[in-house]
Amino acid sequence: MDRIYLCLAHMSGKEQDFIKEAFDTNWVVPMGPNVNAFEKDLEHFVNSSYNVQRTTSNEKRVVCLSAGTAAVHLALLACGVGPGDEVLVQSFTFCASSHPITYLGATPVFIDSERESWNMDPDLLEEAIKDRIAKTGKTPKAIIPVALYGMPYRIDRIMEIADRYGIPVIEDAAEGLGSRFNGQVLGTFGKYGVLSFNGNKMITTSGGGALICDDEKDKNEILFYATQARESYPYYQHEHIGYNYRMSNICAGIGRGQMTVIDDHIAHHKHVQDLYCELLKDVKGITMHTNPTLADYPDNVQRPTSNATFDSNFWLCTCTLDPDLKVKGQENAYKEVVTGAVGGAAGVTHAASTAVTDCQPNANVEAMRVALDAANIEARPLWKPMHKQPVYRDAPAYVNGVSESLFAVGLCLPAGPYVTDDHVRYIVDAIKAAIA
């Protein structure tokens, strides 16, 4: 069987029409009709999800940018983040959520996860806010929850806490395009919402991202900084530092085509998740991560409201392996230093100095990854928590052990549009065959 990748983009067939239009009209720059139209498509998508009454004047606005990382960066800038400030950010995430904080000379303060959603723990968040105010005399400048693998965060409590302390929320929904909490699309609750259109996301522009803004005024401010902060003179006048972060008209043409199949992609990912759950339900030691329900929350924490619903897009389907599960070959895990990219990790140029670190997946998880790789199936560990990354060893962190424990036992399984039912059955059979 050909190699099965975690998530690859699937073209609608209309992308080439929009790209051809860009070439025919000579719009091959970081602006143009495709960019404007793609932004309008995205605005329609996010504004159609509201379960509250909205009018045209208070609809969300979208700015298309060169990457989701650029969107995080500009949102932080717009929130006034600068040298000496602190930003509260989920630890269980990809580095693009935290690196832009350091670009601005600020310090990330990492918040661990709740076990139910795997995302930012609201209780730890409030504890961290109180403690940072007590220790620094300043209120953190922003809060960044992350929709890990598409799963919604507890945005109901996060927004309540954020509003109480007057801290803007930047939703990192890069992995959660189309995921919903209480029927509302992620990225539309906070001051800003971050989207990503990388080649492995729910839809792609080959590379790119977007920032969801509260209104036209905020959008124009983001556009100003995304286009080198040029002032309105007939020559180039700069009174602020800007960035070359605008999306190209070519990439936006791909995005316009992708928007015609976004609902199909989301539905397919959910179908693949359901099939994994069905085929693995009787496999002892393998547990799929699913949408939390009210009953999943213990009595000693503030539960979601009775009508709260988590609706993940299941960008990636994730599972955990019981530590006692025996996988063939696990005695050989981490015996050799990895010499190339693993799990689609592009751009790996530094050779590892050791085969092990002080925080890594269990041997049975690594053995399962290796076994699936041998069967031409791409699987990947969960994101290593940022508070355990050497580059952030000195950053403040408020932890409860959840993200570290999940990183030790978790695995990502293929879920993209090219993953068929037969692929899922093949993957499950390979998982079963790897169990000792």
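Atom set for the values below is all heavy atoms of this structure, side chains included, hydrogens, waters and symmetry mates excluded.
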Exam field: side chain [X] to backbone [Y], donor-acceptor pair closer than 3.5 Å:
X: His73; Y: Pro100; answer: no
X: Ser91; Y: Met386; answer: yes
X: Glu43; Y: Val62; answer: yes
X: Ser113; Y: Arg115; answer: no
X: Asp131; Y: Glu127; answer: no
X: Glu171; Y: Thr188; answer: yes
X: Asn119; Y: Ala147; answer: no
X: His265; Y: Ile262; answer: no
X: His238; Y: Gln228; answer: yes
X: Asp121; Y: Ile111; answer: no

- Task: For the pair Tyr103 and His99, name the ring-plane relationship: parallel under 30°, tilted 30 to 60°, perpendicular over 60°.
- Result: tilted

- Message: With salt bridge (Lys or Arg N to Asp or Glu O under 4.0 Å) as the test, pick out the partner of Asp218 among Lys60, Lys191, Arg61.
- Response: Lys191

State, with a plain yes or no, whether a side-chain heavy atom of [X] is found less than 4.5 Å away from one of [Y].
X: Leu6; Y: Asn200; answer: no
X: Glu86; Y: Thr136; answer: yes
X: Leu223; Y: Arg246; answer: yes
X: Leu321; Y: Ile286; answer: yes
X: Pro414; Y: Tyr276; answer: yes
X: Pro292; Y: Met151; answer: yes

- Item | Check against side-chain contact (heavy atoms from CB on, under 4.5 Å), Thr320 and Leu411 | CA-CA 6 Å; Thr320 56; Leu411 195 67; over 6 Å; no

Quick test of your reading of the model: are [X] and [Y] salt-bridged, counting only N-O distances below 4.0 Å?
X: Arg380; Y: Asp373; value: no
X: Arg369; Y: Glu366; value: yes
X: Arg256; Y: Asp17; value: no
X: Lys217; Y: Glu221; value: no

- If you draw a 6.0 Å radius around CZ in Arg164, do more than 12 non-hydrogen atoms from other residues or ligands fall strictly inside? yes

- Does Glu216 CD have over 12 foreign heavy atoms under 6.0 Å away? yes

- Message: Does Glu114 form a side-chain contact (heavy atoms from CB on, under 4.5 Å) with Tyr297? I'd like the steps, not just the answer.
- Response: CA-CA 10 Å; Glu114 60 172 22; Tyr297 283 84; 2.6 Å; yes

- Task: State yes or no: are the ring centers of Phe181 and Phe310 separated by less than 6.0 Å?
- Result: yes

- Evaluate the side-chain contact (heavy atoms from CB on, under 4.5 Å) criterion for residues Leu76 and Ile144: first the C-alpha distance (whole Å), next the side-chain angles of each, then the deciding distance (0.1 Å), finally the verdict. CA-CA 10 Å; Leu76 289 164; Ile144 307 178; 4.0 Å; yes

- Which heavy atom in Ser179 sits nearest to a heavy atom in Gly150, and how many Å separate them? OG-O, 2.6 Å

- Message: If you compare all heavy atoms of Leu177 against all heavy atoms of Met202, which two are closest, and at what distance to 0.1 Å?
- Response: O-CG, 4.2 Å

- Task: Run the numbers on Val63 and Glu39 for side-chain contact (heavy atoms from CB on, under 4.5 Å), then give the verdict.
- Result: CA-CA 6 Å; Val63 182; Glu39 288 174 345; 4.2 Å; yes

- Message: Let's go through Phe314 and Tyr149 carefully: what are the C-alpha distance in whole Å and the side-chain angles of both, what is the deciding distance for ring pair (Phe, Tyr, Trp, His ring centres under 6.0 Å) to 0.1 Å, and is it a yes or a no?
- Response: CA-CA 6 Å; Phe314 293 106; Tyr149 305 117; over 10 Å; no

Distance, nearest 0.5 Å, that separates [atom1] of [X] from [atom2] of [Y]:
X: Asp214; Y: Tyr192; atom1: CG; atom2: OH; value: 7.5 Å
X: Ile266; Y: Arg180; atom1: CD1; atom2: CZ; value: 7.0 Å
X: Thr318; Y: Leu406; atom1: OG1; atom2: CG; value: 9.0 Å

- Contacts of Ser97 that satisfy side-chain hydrogen bond (donor to acceptor under 3.5 Å, both in side chains) - sequence neighbours left out: Thr93, Asp172

- Assess whether side chain to side chain donor-acceptor pair (under 3.5 Å) is satisfied between Glu175 and Trp383, documenting all intermediate values. CA-CA 12 Å; Glu175 299 173 5; Trp383 297 125; 2.9 Å; yes

- Yes or no on side chain to side chain donor-acceptor pair (under 3.5 Å) for Glu404 and His387, after CA distance, side-chain angles and deciding distance? CA-CA 9 Å; Glu404 289 179 54; His387 74 270; 2.9 Å; yes

- Task: Would you please test Thr357 and Lys388 for side chain to side chain donor-acceptor pair (under 3.5 Å) and show each step?
- Result: CA-CA 10 Å; Thr357 68; Lys388 295 299 294 183; over 6 Å; no

- Message: Would Ser403 and Asp112 count as a side chain to side chain donor-acceptor pair (under 3.5 Å) here? Give the steps.
- Response: CA-CA 6 Å; Ser403 61; Asp112 215 329; 2.8 Å; yes

